[in-house]
Undergrad: 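My questions all concern the structure below.
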Amino acid sequence: MSTRRVAFLLTCSADLLYPTAARACVEALEALGVAVDFPAGQTCCGQAWVNAGHPAEARGLARRFLDLFGDAEAVVAPSASCVDTVRNRYPGLFAGEPAVAARARAVGARTFEFCEYLVRVLGVTALPPLPRPPRTTYHSSCRTLRGLGLAGAPEGLLRSLLGDAFVALPGAAECCGFGGSFSVTLPEVSGRLLAEKLRQIQAVGAERVVSLDLGCLTHLAAGARHQGLALGFGHLAELAAEALGGRAP
C-alpha cells in the first residue's frame, strides 16, 4: 500500500459540472493508500487564457498555482488538458523569467492526470472488475494523447474493470470537436467533428462513454442530448472508485 501524498487540483469543470468525478478521484486515491490534500484558495489553472492568447492573464493564474502547489510531492487533477497546461505551457509563459520558468518545469513534472498518476507513479495496471457493467467505450482527448502521451494505459485499466463490456472506439485519436474556445470560434467545424464522433460511438453500440477530459465529456454529452441519444458519460475515476469500494458512478 502506498504512503504517498498528493495535492488535488479540482479544476473548473470538476467544480462546476462534474463534482462526482472529483470525489471519485479522491476516494480512489485514498483507497490506494494515497493521502490527499486540498490547497485552499486554488483557482483556474489559466488554460482558457492560454488557449485564447492572453498570456498576461494566464501568467497571473500560473503564479498563483505555483505558489499554492509548488511544494507538493505531486499534484493530481481529473483533467488531462489542465495537466498539459501546467506541464507544457507554463514554462513558455515565463520565458523572460528563467527562475520562474525553471520552477514551472519542476512543478509540471510532478503534476499528473488521475489515470496517469495511477499508472506512471503508483504502477497500477489493473483494477478489480465491476459486476455487470454497461457496454462502454473510451474517448481519448487530444491533450491526453498529444499533450501527455498517455496512450494505451486508460484502455488497459478499462479492460480490467469492464472485461468484454469494454469496446474500443474507431478513430479514437480524432478530436471530438471541443478544443476549448475552438468549439465557439469555429462552430461549424466543431459540429462536424462532434457528429462524426457520436456516429462512431453509436456504431460500436456503446451505452456509456468514458474520458479523462471533462470538457470533452461536456461537449459529447450536449451533442448526444441534442440528438436524443441515450448515452451515459463519465470520468474513468468514477469507475475506479466504484471498483475500489468507493461510491458508485
Undergrad: Mind checking the CG-CD spacing from Leu9 to Glu113? Nearest 0.5 Å is all I need.
TA: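 Result: 11.5 Å between the selected atoms.
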Undergrad: Tell me the closest heavy-atom pair linking Ala172 and Lys197, and the distance in Å.
TA: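 Heavy atoms of Ala172 and Lys197 come nearest at O-NZ, 3.9 Å.
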Undergrad: Measure the SG-CZ distance between Cys44 and Arg64 for me, rounded to the nearest 0.5 Å.
TA: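 If we round to the nearest 0.5 Å, Cys44:SG and Arg64:CZ are 12.0 Å apart.
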Undergrad: Could you work out, with salt bridge (Lys or Arg N to Asp or Glu O under 4.0 Å) as the rule, every residue matching Arg89, not counting sequence neighbours?
TA: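 Testing Arg89 for salt bridge (Lys or Arg N to Asp or Glu O under 4.0 Å), a comparison that skips the adjacent residues, returns none.
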Undergrad: So, applying side-chain hydrogen bond (donor to acceptor under 3.5 Å, both in side chains) with Gln47, which one of Ser79, Ser13, Ser81 is it?
TA: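 With Gln47 as partner, side-chain hydrogen bond (donor to acceptor under 3.5 Å, both in side chains) holds for just one option, Ser81.
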Undergrad: Which residues satisfy the salt bridge (Lys or Arg N to Asp or Glu O under 4.0 Å) test with Arg199, sequence neighbours excluded?
TA: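 Result, salt bridge (Lys or Arg N to Asp or Glu O under 4.0 Å) vs Arg199: Glu196.
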Undergrad: Arg143 versus Thr85: any side-chain heavy-atom pair under 4.5 Å?
TA: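 SC-SC contact between Arg143 and Thr85 confirmed.
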Undergrad: Given the rule that I, L, V, M, F, W and Y join up when any side-chain heavy atoms are under 4.5 Å apart, are Val83 and Val76 in one cluster?
TA: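 Per the 4.5 Å side-chain linkage, Val83 and Val76 are co-clustered.
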Undergrad: Of the non-hydrogen atoms in Gly147 and Asp84, which two are nearest, and what is the gap between them?
TA: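 That closest heavy-atom pairing would be CA-OD1, 3.2 Å.
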Undergrad: Kindly write out the residues that satisfy side chain to side chain donor-acceptor pair (under 3.5 Å) with Glu155, not counting sequence neighbours, or none if the list is empty.
TA: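 Residues passing side chain to side chain donor-acceptor pair (under 3.5 Å) with Glu155: none at all.
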Undergrad: Out of curiosity, does Leu66 fall in the hydrophobic cluster containing Val6 (side-chain heavy atoms, cut-off under 4.5 Å, transitive links)?
TA: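 Cluster IDs for Val6 and Leu66 differ.
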Undergrad: Any side chain to side chain donor-acceptor pair (under 3.5 Å) involving residues 157-179? Give me the pairs, sequence neighbours left out, ordered by first then second residue.
TA: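 Matches after skipping sequence neighbours: Glu174-Gln200.
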Undergrad: Taking all atoms of both residues into account, what is the closest heavy-atom pair of Leu127 and Ala240, and its distance?
TA: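 Looking at all heavy atoms of both residues, the closest pair is CD1-CB, 3.8 Å.
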Undergrad: Tell me, which pairs form a ring-ring contact (aromatic ring centres under 6.0 Å, His included) where one or both residues lie in residues 3-51, sequence neighbours left out?
TA: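 Residue pairs with at least one partner in residues 3-51: there are none.
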Undergrad: With the 4.5 Å side-chain cut-off for hydrophobic clustering, are Phe166 and Leu150 part of the same group?
TA: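 Yes, because Phe166 and Leu150 connect within a single hydrophobic cluster, where side-chain heavy atoms sit under 4.5 Å apart.
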Undergrad: Once salt bridge (Lys or Arg N to Asp or Glu O under 4.0 Å) is applied, do any residues pair with Asp67, and if so which ones, sequence neighbours excluded?
TA: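 Salt bridge (Lys or Arg N to Asp or Glu O under 4.0 Å) check on Asp67 returns Arg103.
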Undergrad: List the residues meeting side chain to side chain contact (heavy atoms under 4.5 Å, CB included) with Ser140, not counting sequence neighbours, and say none if there are none.
TA: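 Residues passing side chain to side chain contact (heavy atoms under 4.5 Å, CB included) with Ser140: Tyr138, Thr144, Leu145.
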Undergrad: Should Val209 and Leu239 be counted in the same cluster of Ile, Leu, Val, Met, Phe, Trp and Tyr side chains packed under 4.5 Å apart?
TA: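 Val209 and Leu239: separate clusters.
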Undergrad: Report the distance from atom CZ of Arg132 to atom CG of Leu130, rounding to the nearest 0.5 Å.
TA: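 Rounded to the nearest 0.5 Å, the CZ-CG separation comes to 10.5 Å.
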Undergrad: Do Pro128 and Leu244 touch side chain to side chain, with heavy atoms closer than 4.5 Å?
TA: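 A side-chain contact exists here, since the closest heavy-atom pair is under 4.5 Å.
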Undergrad: Which pairs count as side chain to side chain donor-acceptor pair (under 3.5 Å) when at least one residue sits in residues 36-45, sequence neighbours excluded?
TA: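 The answer is Arg5-Asp37.
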Undergrad: Kindly say whether Glu238 contributes a backbone atom to a donor-acceptor pair with the side chain of Arg23 at under 3.5 angstrom?
TA: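 Checking the backbone N and O of Glu238 against the side chain of Arg23, no donor-acceptor pair under 3.5 Å is found.
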Undergrad: Less than 4.5 Å apart, side chain to side chain, heavy atoms only: is that true for Leu157 and Leu236?
TA: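 Contact flag for Leu157/Leu236 side chains = yes.
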Undergrad: Please answer: with hydrophobic residues joined when any side-chain heavy atoms are less than 4.5 Å apart, are Leu61 and Val75 in the same cluster?
TA: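 No, it is not one cluster - the side chains of Leu61 and Val75 are not joined through contacts under 4.5 Å.
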Undergrad: With heavy-atom distances below 4.5 Å as the criterion, would you say the side chains of Leu214 and His235 are in contact?
TA: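 Contact flag for Leu214/His235 side chains = yes.
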Undergrad: Quick one, Leu148 and Phe112 - any side-chain contact, counting heavy atoms below 4.5 Å?
TA: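 No, too far: nothing below the 4.5 Å cut-off.
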Undergrad: Could you tell me whether the side chain of Glu27 and the main chain of Ala24 form a donor-acceptor pair under 3.5 Å?
TA: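 No, Glu27 side chain to Ala24 backbone: no donor-acceptor pair under 3.5 Å.
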Undergrad: Please evaluate residues Arg110 and Glu73 with respect to the criterion side-chain contact (heavy atoms from CB on, under 4.5 Å), reporting the C-alpha separation (whole Å), side-chain torsions for both, the decisive distance (0.1 Å), and the verdict.
TA: CA-CA 7 Å; Arg110 303 195 303 272; Glu73 175 186 316; over 6 Å; no
Undergrad: Residues in side chain to side chain contact (heavy atoms under 4.5 Å, CB included) with Pro129, at least two apart?
TA: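 Listed in chain order: nothing, the list is empty.
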Undergrad: Which heavy-atom pair separates His139 from Leu169 by the least distance, and what is that distance?
TA: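 Shortest heavy-atom contact: CA-CD2, 4.5 Å.
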Undergrad: So, for Leu93 and Ala62, which heavy atoms are closest and what is the spacing to 0.1 Å?
TA: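 Smallest heavy-atom distance, with atoms named: CD1-CB, 4.2 Å.
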Undergrad: Locate the shortest heavy-atom distance separating Ala21 from Ala237; write the atom from each residue and the value.
TA: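 Looking at all heavy atoms of both residues, the closest pair is O-CB, 4.2 Å.
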Undergrad: Flag the pair Arg59 and Glu97 as a salt bridge only when some basic side-chain nitrogen lies within less than 4.0 angstrom of an acidic carboxylate oxygen.
TA: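 So Arg59 does not pair with Glu97 through a salt bridge.
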Undergrad: Excluding sequence neighbours, so at least two apart, what forms side chain to side chain contact (heavy atoms under 4.5 Å, CB included) with Thr136?
TA: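 With sequence neighbours excluded, Thr136 shows a side chain to side chain contact (heavy atoms under 4.5 Å, CB included) to Pro134, Leu162, Arg208, Val210, given in chain and number order.
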Undergrad: Listed by chain and number, what are the side chain to side chain contact (heavy atoms under 4.5 Å, CB included) partners of Val167, not counting sequence neighbours?
TA: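 Residues passing side chain to side chain contact (heavy atoms under 4.5 Å, CB included) with Val167: Arg135, Thr137, Val204.
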Undergrad: Take Gln227 and Gln202 through the side-chain contact (heavy atoms from CB on, under 4.5 Å) test and state the conclusion after the steps.
TA: CA-CA 11 Å; Gln227 292 189 22; Gln202 289 181 278; 4.0 Å; yes
Undergrad: Could you give me the CA-CA distance, side-chain angles and deciding distance for Val124 and Tyr117, then say whether side-chain contact (heavy atoms from CB on, under 4.5 Å) is met?
TA: CA-CA 9 Å; Val124 175; Tyr117 184 80; over 6 Å; no
Undergrad: With sequence neighbours left out, write down each residue that passes ring-ring contact (aromatic ring centres under 6.0 Å, His included) with Tyr90, or none if nothing qualifies.
TA: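 By the ring-ring contact (aromatic ring centres under 6.0 Å, His included) rule, Tyr90 matches Phe65.
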Undergrad: Decide yes or no on side-chain contact (heavy atoms from CB on, under 4.5 Å) for Glu207 and Leu231, but give the supporting numbers first.
TA: CA-CA 5 Å; Glu207 302 169 69; Leu231 285 171; 5.5 Å; no
Undergrad: Atom SG in Cys175, atom CZ in Arg146: separation rounded to 0.5 Å?
TA: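 The distance works out to 8.0 Å.
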